[in-house]
Amino acid sequence: QLIEKENISTLFGCWTSSARREVRPIVEKLNAQLWYPVQYEGLEESQNIFYTGSTLNQQIIPALNWCCDQQWKRFFLIGSDYVFPRTTNKLIQAELIHKKGTIVGEEYVPLGHKDFASVIDTLKQAKPDVVINATGYTDVDGAEENREQAFAVNADGVNNIAEACGQIGSALIHFSTDYVFDGSQTSGYVEDDVDHLGSVNVYGESKLAGEEQINFQFSIFNFQSNSKFQIPKFIIIRTSWLYGSNGKNFVDTMIKLAQEGRTEFKIVDDQFGLPTYTRDLAERVGWMVEHLDELESGVYHLTNSKFQIR
């Protein structure tokens with residue numbers, strides 16, 4: 001309508017990959033111009049689109065180079081079969097073909113999966129330098145009725161992975177959530193805000209328990225004089241409201257419903273948060289891997305900066 005009826009020749013926008021993919025055939029058919037201003041996943045080109053944002057390889061490649069230079073050449077990715085794990089690892093796997101590093105293991109488990117015995121055995125055999133753990137029970141509402149399963153995945157499973165990292169001497173990068181806080185601060189939280197820790201739901205409780213398990217395992221391996229092993233470093237990344245390709249999320253759900261002709265939506269209006277694009281998160285994680293020796297073990301908050309209410 002903008003192109004045909006309003007005679008607009010140049011468009012600026014489409015803030016997600018899914019939106020860009022929907023618009024691309026339209027601008028190509030009508031020979032209009034689209035400026036896509038944010039990071040994108042690559043593997044696409046069009047004479048009608050200017051891709052002005054950075055791509056993942058601009059962060060991941062330097063990170064992989066640095067890891068290999070530091071003799072961190074063996075990578076193991078554990079993730080839920082969900083948005084972020086596959087987004088990150090697809091590029092890492094392709095780039096490591098041309099590097100001296102290798103992926104010694106890649107394991108994806110269904111959302112809600114709680115038996116990690118086989119994954120832990122594979123991890124111990126592979127002995128990677130870095131373990132990126134993106135597993136999790138992420139059904140916030142479902143956790144209320146499935147408390148045992150949520151804690152089995154988000155706390156007990158994390159404890160097993162952290163213990164395995166200590167036994168084989170691997171650094172651990174683990175993903176957590178803003179739900180570990182009590183929700184009382186509309187202005188947000190900082191990493192050392194312990195006064196407001198304490199979730200109002202089971203999901204947040206289980207994720208906070210997972211964080212505590214990592215700290216516990218780290219203290220065992222690094223501070224007991226009779227400990228044989230060490231976790232070289234652990235990084236806990238808290239993020240919020242993820243959206244992107246390869247998985248279900250709020251943004252894609254709203255787009256899908258609109259495309260189906262829905263004109264009215266019943267959505268909560270009392271939640272405050274920072275929607276975070278998975279590719280932006282992946283780029284920052286790549287930077288953290290690149291600078292891992294400069295970072296202290298502990299908690300880091302990684303989100304996009306645009307504040308939203310829903």
Kindly indicate whether the side chain of Gln167, heavy atoms from C-beta on, has any atom under 4.5 Å from the side chain of Glu163. yes

Yes or no on side-chain contact (heavy atoms from CB on, under 4.5 Å) for Leu11 and Ile3, after CA distance, side-chain angles and deciding distance? CA-CA 9 Å; Leu11 304 174; Ile3 299 171; 4.2 Å; yes

Heavy-atom donor-acceptor pair, Ser297 side chain to Phe234 backbone, under 3.5 Å: yes

Is Ile8 reachable from Tyr36 through a run of I, L, V, M, F, W or Y residues, each pair having side-chain heavy atoms under 4.5 Å apart? yes

If I take atom CD from residue Glu148 and atom CG from residue Asp156, how far apart are they, to the nearest 0.5 angstrom? 9.0 Å

Can you find a pair of side-chain heavy atoms, one from Asn215 and one from Ile236, that are under 4.5 Å apart? yes

Close side-chain approach of Glu107 to Thr135, heavy-atom, < 4.5 Å: no

Under the 3.5 angstrom rule, does the side chain of Lys207 hit a backbone N or O of Gly136 as a donor-acceptor pair? no

Should Tyr300 and Val180 be counted in the same cluster of Ile, Leu, Val, Met, Phe, Trp and Tyr side chains packed under 4.5 Å apart? no

With Asn160, which residues qualify under side-chain hydrogen bond (donor to acceptor under 3.5 Å, both in side chains), at least two apart? none

Could you tell me whether the side chain of Thr276 and the main chain of Trp241 form a donor-acceptor pair under 3.5 Å? no

Taking atom CD as the centre, does Glu294 end up with more than 12 heavy-atom neighbours from other residues, nucleotides or ligands that are less than 6.0 angstrom away? yes

Would you sort out whether Ile237 and Arg284 count as a side-chain contact (heavy atoms from CB on, under 4.5 Å), showing the intermediate values? CA-CA 10 Å; Ile237 297 173; Arg284 182 50 56 178; over 6 Å; no

Give a yes or no on whether Val23 and Leu2 share a hydrophobic cluster (residues Ile, Leu, Val, Met, Phe, Trp, Tyr; joining criterion: side-chain heavy atoms under 4.5 Å apart). yes

Provide the closest heavy-atom pair for Tyr51 versus Ser46 in the form atom of the first, atom of the second, distance. OH-N, 3.7 Å

Where Ser206 and Ala150 come nearest, the two heavy atoms and their spacing: CB-O, 3.8 Å

Distance in Å, Asp139 CG paired with Tyr203 OH, rounded so as to fall on 0.5 Å steps: 10.0 Å

Is the side chain of Asp182 donor-acceptor paired with the backbone N or O of Gly198 at a distance under 3.5 Å, no angle test? no

Taking the side chain as every heavy atom from C-beta outward, state whether Phe75 and Pro128 have any pair of such atoms under 4.5 Å apart. no

Where the side chain of Ser240 meets the backbone of Leu274, is there a donor-acceptor pair that is under 3.5 Å apart? yes

Could you tell me whether the side chain of Glu144 and the main chain of Val202 form a donor-acceptor pair under 3.5 Å? yes

Rounded to the nearest 0.5 angstrom, the CD-SG distance for Glu22 and Cys14 is 9.5 Å

Determine the interplanar angle of the Tyr189 and Phe181 rings, folded into 0 to 90°, and report it as parallel if under 30°, tilted if 30 to 60°, perpendicular if over 60°. parallel

CD1 of Ile49 to CZ of Arg20, rounded to nearest 0.5 Å, is 6.5 Å

Heavy atoms of Glu4 and Asn7 approach each other most closely as O-OD1, 3.9 Å

Heavy atoms of Met288 and Ile235 approach each other most closely as CE-CG2, 3.5 Å

Using side-chain heavy atoms (C-beta onward) and a distance below 4.5 Å, is Leu30 in contact with Asn48? no

Do Leu208 and Ser199 have side-chain heavy atoms sitting under 4.5 Å apart? no

Is Val194 linked to Val190 within one hydrophobic cluster, defined over Ile, Leu, Val, Met, Phe, Trp and Tyr using a side-chain heavy-atom separation of less than 4.5 Å? no

Check the hydrophobic clustering (I, L, V, M, F, W, Y; side-chain heavy atoms under 4.5 Å; chains of links allowed) and say if Tyr137 and Ile161 are grouped together. yes

Shortest non-hydrogen separation from Gly13 to Leu34 and the atoms involved: O-CD1, 3.9 Å

So, for Leu295 and Lys233, which heavy atoms are closest and what is the spacing to 0.1 Å? O-NZ, 2.6 Å

Check the surroundings of atom CD in Glu296: do more than 12 heavy atoms from other residues, nucleotides or ligands lie under 6.0 Å from it? no

Within a reach of under 6.0 Å around CD of Gln47, are more than 12 heavy atoms found that belong to other residues, nucleotides or ligands? no

Is the backbone N or O of Leu172 less than 3.5 Å from a side-chain atom of Asn133, with the two atoms forming a donor-acceptor pair by type? no

Salt bridge (charged side-chain N to carboxylate O under 4.0 Å, His left out) pairs, two or more places apart, involving residues 191-205: Arg147-Glu205

Heavy-atom distance under 4.5 Å between the side chains of Asp178 and Arg238, does that happen here? no

Please report the interatomic distance CD(Gln1) to CD1(Ile26), rounded to the nearest 0.5 Å. 11.5 Å

Check: Gln217/Asn159 side-chain N/O donor and acceptor closer than 3.5 Å: yes

Quick check for you: to the nearest 0.5 Å, what is the distance between Phe76 atom CZ and Asp129 atom CG? 13.0 Å

Please walk me through it: do Phe50 and Trp35 pass ring-ring contact (aromatic ring centres under 6.0 Å, His included)? CA-CA 5 Å; Phe50 276 103; Trp35 293 78; 4.3 Å; yes

Phe175 vs Leu281 side-chain heavy atoms within contact, under 4.5 Å: yes

